[in-house]
Engineer: 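This is the structure I want to talk about, given as structure tokens.
Below, read A as the first sequence line, B as the second, and so on, with proteins coming before strands; counting in each chain starts at 1.
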Protein chains: 2
Amino acid sequence: MVVASPVRERKKRETWRLVHAAALRLMTERGFDAVSIDDIVAAAGISRRTFFNYFAGKESVVFDPDPDDPALWAALLTERPAGEPLWVSLREVLIGYTTAAADRMLLQRRVRLASPELAGCSRELADQFWVAARDWAADRSGLDELHLDLTVNAARTVLNTSCPHWDADTGITGLHELIRAGFAFVTPSLPERITS
Amino acid sequence: MVVASPVRERKKRETWRLVHAAALRLMTERGFDAVSIDDIVAAAGISRRTFFNYFAGKESVVFDPDPDDPALWAALLTERPAGEPLWVSLREVLIGYTTAAADRMLLQRRVRLASPELAGCSRELADQFWVAARDWAADRSGLDELHLDLTVNAARTVLNTSCPHWDADTGITGLHELIRAGFAFVTPSLPERITS
DNA sequence: GTGCAACTTGCACTCAGTGCATGATTCCCG
DNA sequence: CGGGAATCATGCACTGAGTGCAAGTTGCAC
């Protein structure tokens with residue numbers, strides 16, 4: 001899955017995780033607004049300018065996926081059995097992804113609790129993931145653009161709504177229960193639609 | 001509906017609309033990022049500092065509701081007949097609101113088309129509206145918090161998904177058709193739930 | 001080891017957003 | 001009608017996000 005490990009690739013991932021960890025640690029302590037980018041780069045031991053080589057902005061450091069995540073969600077999407085209903089596939093991929101990324105979900109949750117100013121960001125999972133999910137669903141379902149977007153965005157809303165209601169003390173399985181409940185409650189009319 | 005017309009209230013609304021109109025005109029021409037706040041205040045003939053007395057930030061000038069809107073949506077919400085299913089009520093309030101605010105919906109759409117950088121803002125209607133809708137639905141439905149949020153956020157997603165698919169040449173009724181289609185396609189399981 | 005490509009860094013700059021102090025306008029009440 | 005209080009507009013100075021550029025550094029291939 002990983003390329004081979006040219007030194008550059010490895011260092012980049014290490015740096016990404018170093019900066020990410022430093023930033024989220026500071027933010028859980030002080031809150032998002034109270035942590036400046038200068039604070040982050042000082043804690044991570046890199047230059048201010050390098051921060052922007054890794055992250056497009058301050059919010060990105062909270063919500064961007066780990067460098068390994070795209071491979072992860074690509075695997076989760078492709079391993080869904082043919083014939084499985086689209087809505088079920090989306091639910092299971094979300095459960096699989098949040099399981100694999102449980103640590104970061106918990107971290108994000110703690111940052112949010114310490115940062116009321118992030119309320120109304122609704123970016124629990126990176127945009128890139130939803131783009132990939134949309135592309136995948138487009139191939140498998142043959143839905144028109146409108147109903148495709150409605151379906152994927154409905155899934156996104158279920159997740160984004162579940163997270164604020166999630167008591168992190170219940171662990172990642174607590175989130176999974178909320179996701180299942182959400183998917184059962186709000187359902188697009190894809191009667192017996194199959195994902196090819 | 002309006003207080004009486006103390007001079008101050010009238011002037012504030014006039015200034016709000018003046019700044020709003022100037023900003024959105026510039027943004028349709030050049031795009032969101034290419035218009036600075038200095039450009040806006042110059043065009044509107046107010047001081048830079050006064051801009052922030054009216055708007056919390058640059059995005060607010062695009063997405064904030066008109067000063068008269070809260071009274072409008074309050075009326076739309078309260079005039080829904082008792083016994084109407086919650087999902088229908090939300091749909092009809094959205095249609096009523098977008099009808100009354102059709103001009104601004106069209107303006108916003110044009111700004112978005114000129115400003116790819118606004119993609120992924122999903123703030124078609126102001127947060128305040130959705131807070132009001134949530135409060136109203138909480139009173140009428142007696143739903144628990146989770147299912148309340150799932151329902152209201154699903155409605156929000158239907159609207160936010162409809163707008164990008166909306167061909168503004170079809171006028172506001174074109175948007176209404178998309179909203180109806182969306183509400184029919186994604187539906188929360190509120191079987192015979194009535195809004196008291 | 002030499003040369004190329006990728007990465008890091010510092011510097012200088014623009015612009016969003018805020019706190020504070022001050023002057024102008026409106027309002028209210030005697 | 002006049003004067004004090006509340007509200008609003010404004011200028012100024014400041015912090016911090018984000019970007020372009022050019023120079024230095026490091027890994028990689030031959």
Engineer: Between residues 29-47 of chain A and DNA chain C, which residues have a heavy-atom gap below 4.0 Å?
Structural biologist: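 Under 4.0 Å from DNA chain C: A:Ile46, A:Ser47.
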Engineer: Could you tell me whether A:Asp127 and A:Arg156 make a salt bridge, using a distance below 4.0 angstrom between a side-chain N and a carboxylate O?
Structural biologist: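 Looking at A:Asp127 and A:Arg156, the cut-off is met.
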Engineer: Strictly below 4.0 Å, N to O, side chains only: are B:Asp39 and B:Arg30 in salt-bridge contact?
Structural biologist: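 Result for this pair is yes, salt bridge flagged.
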Engineer: Residues two or more places apart in sequence or in another chain: which of them pass ring pair (Phe, Tyr, Trp, His ring centres under 6.0 Å) with B:His20?
Structural biologist: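 Expected list: B:Trp16.
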Engineer: For A:Phe51, which contact category applies under a 4.0 Å heavy-atom criterion: base, sugar-phosphate, or nothing?
Structural biologist: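 Counting heavy atoms under 4.0 Å across all strands, no contact is made by A:Phe51.
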Engineer: When the distance from CZ of B:Arg8 to C1' of D:dA9 is rounded to whole Å, what number comes out?
Structural biologist: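 Interatomic distance, CZ of B:Arg8 to C1' of D:dA9: 11 Å.
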Engineer: In whole angstrom, give the distance that lies between atom OH of B:Tyr54 and atom C1' of D:dA9.
Structural biologist: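 After rounding, the reported distance stands at 8 Å.
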Engineer: Rounded to whole Å, how long is the line connecting atom CG of A:Asn53 with atom C1' of C:dT9?
Structural biologist: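 One finds 9 Å between C1' of C:dT9 and CG of A:Asn53, rounded.
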Engineer: If the threshold is 4.0 Å, N to carboxylate O, is there a salt bridge linking B:Glu29 and B:Arg25?
Structural biologist: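 Looking at B:Arg25 together with B:Glu29, the answer is yes, because their closest N to O distance falls below 4.0 Å.
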Engineer: Can you tell whether the side chains of B:Arg140 and B:Glu84 come within less than 4.0 Å, N to carboxylate O?
Structural biologist: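 So B:Arg140 does not pair with B:Glu84 through a salt bridge.
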Engineer: Once you round it to whole Å, what is the distance between P of C:dA16 and CD of B:Glu117?
Structural biologist: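 From B:Glu117 CD to C:dA16 P: 12 Å.
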Engineer: Report yes or no: is the cationic atom of A:Lys12 (NZ for Lys, CZ for Arg) under 6.0 Å from the centre of the six-membered ring of A:Tyr54, at an angle within 45° of the ring normal?
Structural biologist: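 A:Lys12 over A:Tyr54 ring: yes.
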Engineer: Check this for me: does any side-chain nitrogen of one of B:Glu14 and B:Arg10 sit under 4.0 Å from a carboxylate oxygen of the other?
Structural biologist: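 Between B:Arg10 and B:Glu14 there is a salt bridge, with a charged N closer than 4.0 Å to a carboxylate O.
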Engineer: Restricting to nitrogen or oxygen on both sides, can you table the protein-nucleotides 18-21 of chain C pairs closer than 3.5 Å?
Structural biologist:
{"unit_1": "C:dG19", "atom_1": "N7", "unit_2": "B:Arg49", "atom_2": "NH2", "d": "2.8"}
{"unit_1": "C:dG19", "atom_1": "O6", "unit_2": "B:Arg49", "atom_2": "NE", "d": "2.4"}

Engineer: Distance check needed: C:dC27 C1' versus B:Lys12 NZ, whole Å only.
Structural biologist: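 Answer to the nearest Å: 15 Å.
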Engineer: Can you tell me the distance, in whole Å, between the NZ atom of A:Lys58 and the C1' atom of C:dA16?
Structural biologist: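 In whole Å, C:dA16 C1' and A:Lys58 NZ are 13 Å from each other.
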Engineer: Does B:Lys11 put a side-chain nitrogen or oxygen below 4.0 Å from OP1 or OP2 of C:dT25?
Structural biologist: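 No, B:Lys11 has no side-chain N/O under 4.0 Å of OP1/OP2 on C:dT25.
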Engineer: Is the backbone of A:Phe183 close enough, under 3.5 Å, to the side chain of A:Trp87 for a donor and an acceptor to pair up by distance?
Structural biologist: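 Yes; judged by distance alone, with no hydrogens or angles, the pair exists.
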Engineer: Is there a donor-acceptor contact under 3.5 Å linking the side chains of B:Ser122 and B:Asn160?
Structural biologist: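 No, no side-chain donor-acceptor contact under 3.5 Å.
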